Structure formats: C-alpha cells, structure tokens
There are 2 protein chains.
Amino acid sequence: MIKTDAFSTELQELARFAKAISHPARLAILKYLAETKTCISGDISDYLPLSRSTVSQHLNDLKELGLIHGEIDGLKVNYCLCCSSIDDYLKMFETFFESIRSVNVQCVTKTKT
Amino acid sequence: MIKTDAFSTELQELARFAKAISHPARLAILKYLAETKTCISGDISDYLPLSRSTVSQHLNDLKELGLIHGEIDGLKVNYCLCCSSIDDYLKMFETFFESIRSVNVQCVTKTKT
DNA sequence: ATTGTATGCCGTAAAAATACGACATTGGTT
DNA sequence: AACCAATGTCGTATTTTTACGGCATACAAT
C-alpha cells in the first residue's frame, strides 16, 4: 500500500499537518498550551481524560511535526507551542484553500447523490 | 477506546474536518474538482494513481462531511465542491487557530527535549 | 432484448492510529 | 545512599484507515 508517495510533496505535507490536528486530544493539547503558555506533561494528562502514556504519544506526534517544543527542566518537561512552525503550516493551509476557493463554482445543491 | 466523545463538540468537529483532509488523495481530489469545476468519478480515478473503488471511498468520506456534492446525471455522477460547507469549516478552522495564535508565547527553541 | 459502461457497495487484507499498563530512566529529596 | 516523582518507551490489544477486486445496479446504446 502506501500509495501516499505518489502525490506531490505539497499535498503530502499539508496532509501530514491535517493528520496531526485530526484528533480532538491533540487539538485540546494545542488549546491548553495556548492558554497556559507553558506546562508540563503531567498537567495535560490531568486535564485530559487520557492516560499519561497516551498523552505522551500525542505530544510526540505534535513534536515530530514541530508544532510544539519540549524544554527539559530538571525532572519536568516544559511544553510550549512553536508559533513559527504553526505559522508556516497555516500559511501552507491558507494557500491551498485560497486556490480552491478562488474557483467559484455554482454548486448544484439539489441532488446529493 | 473511542475516548473521542470526551472532548467538546467544537474540537470534535474540527478534528473531523482535519481528518477528512488528512490524506493526499482527498486533497488531490479537492484540488482536481476546483480545477475542473465539475467532473465524474471515473475521471478522478484516471487522474489519480488509485483504483476506482478506492477513489469512490475517498469521495464518500468527503461527501459525508459535506465538502463535495455528487449530482447524478444519467449513468455518470457529476461531483463538485460544496463551497458553502467548505467555507463553514474554514471559518471554524480559522477561529480556532486565531485563538491559538493570539497568545504570543516566546518559544524557547534551545532544547527540543 | 442484449450488451456495454459508470458507479457504488461488499468483503477482505494489510497497515496505521489509538489507548493503556508496566517498566526503565533520570533528576530531585530526605 | 535510599527513595520519590515525572517522564518517556516498550509491548500489546483494539479500532480505524487504506486499498483493492469482484459483484450488483442502473442507465444508455445497439
């Protein structure tokens, strides 16, 4: 499988971003980080209805894309949003959907298959 | 599993939108529909390196969220973007990320865990 | 009426995502 | 030195996604 490779890198990158934010837990983490500015992993798993290891995994997904950073501070790890990276992905997102939306198709809404 | 229910409907809806566009094939379909204005399913599977049944499934995913419509025209089905629905989701998306981005955290980029 | 074509759906197989407990590691605390 | 606390990793189970071929349906054409 993995036919994913057959598509342009632009679409692949955008898809990876979308996948990263395609789970409520990860969106909740982003939101929580924005509100608290910075926080440790344990705070997040207390806040979310998920186990520590699961939260750790979600944090990893976000970190792999570069959407967040984790700074080690003794025993704890301070997580924070990586705004520059988020901005880059948002720009990519907007570019794509602007090109989509610029085409003003008169949508036939009568029949929905 | 399915801990998804524990999150707010806002986050769930946004996550569903993100999931819908989290595959290069579905992004490619949206792009193709924007370019060709309208087209039939067969054209898409010719254009994409995927089988007809797979494309049909992706089309269904997009249709379930309301991002596209399919109008039956005799033997064929004309697919087109549903701009109003797309706009709704884009608005939701922007609202979320504006609230995220409004918090200007000075990101510590030194250590990356 | 028979044939051909476009599509969707079903079953299935492989892969990826999700979620957790248990364990290991590392850095403070007493 | 011994202990506690916070985190990440590993293994595993379940679910979901991805992808396809084959079948059925519906319409058009001969």
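The chains referred to below are lettered A, B, ... by the order of the sequence lines, with proteins before strands, and numbering in each begins at 1. For clarity, every value in this text was computed on a predicted model and none was experimentally measured.
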Revision key, fill the gap. Checking C/dC9, D/dC20, C/dC20 against the side chain of A/S51 (C-beta onward), the nearest is C/dC20

Review point. With sugar-phosphate meaning primed atoms plus P, OP1 and OP2, does B/L59 contact a base, only sugar-phosphate, or nothing at under 4.0 Å between heavy atoms?
Key: nothing

Practice item. Would you check if B/V77 and B/S41 make a side-chain contact, meaning some heavy-atom pair closer than 4.5 Å? Key: no

Review point. Would B/E64 and B/R16 pass as an ion pair if we require N to O under 4.0 Å?
Key: no

Practice item. Indicate whether the side chain of A/S51 and that of A/T54 have a donor and an acceptor atom separated by less than 3.5 Å. Key: yes

Review point. Relative to the 5' end of DNA chain C, which residue comes earlier, B/S56 or A/H58, by the nucleotide with the nearest heavy atom?
Key: B/S56

Exercise for review: Among the candidates C/dG8, C/dA6, D/dG8, find the nucleotide nearest to the side-chain atoms of B/K63.
Suggested key: C/dG8

Review point. Looking across every strand, which nucleic acid part, if any, lies under 4.0 Å from A/S41 by heavy atom: base, sugar-phosphate, or nothing?
Key: sugar-phosphate

Exercise for review: Kindly assign one of parallel, tilted or perpendicular to the pair A/F93 and A/F17, based on the angle between their ring planes and the thresholds 30° and 60°.
Suggested key: perpendicular

Revision key, fill the gap. Its contact letters, B for base, S for sugar-phosphate only and - for none at protein heavy atoms under 4.0 Å, make nucleotides 25-30 of chain C read -BBS--

Review point. Quick one: on DNA chain D, does A/S53 or A/K19 contact a more 5' nucleotide (nearest heavy atom)?
Key: A/S53

**Study point:** Nearest-Å distance for atom pair CD/P, residues A/Q57 and D/dA13
**Key:** 16 Å

Check your understanding: Which nucleotide in the set D/dT7, C/dC9, D/dA19 lies at the smallest distance from any side-chain heavy atom of B/N60?
Key -> C/dC9

Check your understanding: Would one find a side-chain N or O of A/R26 under 4.0 angstrom from OP1 or OP2 of C/dT18?
Key -> yes

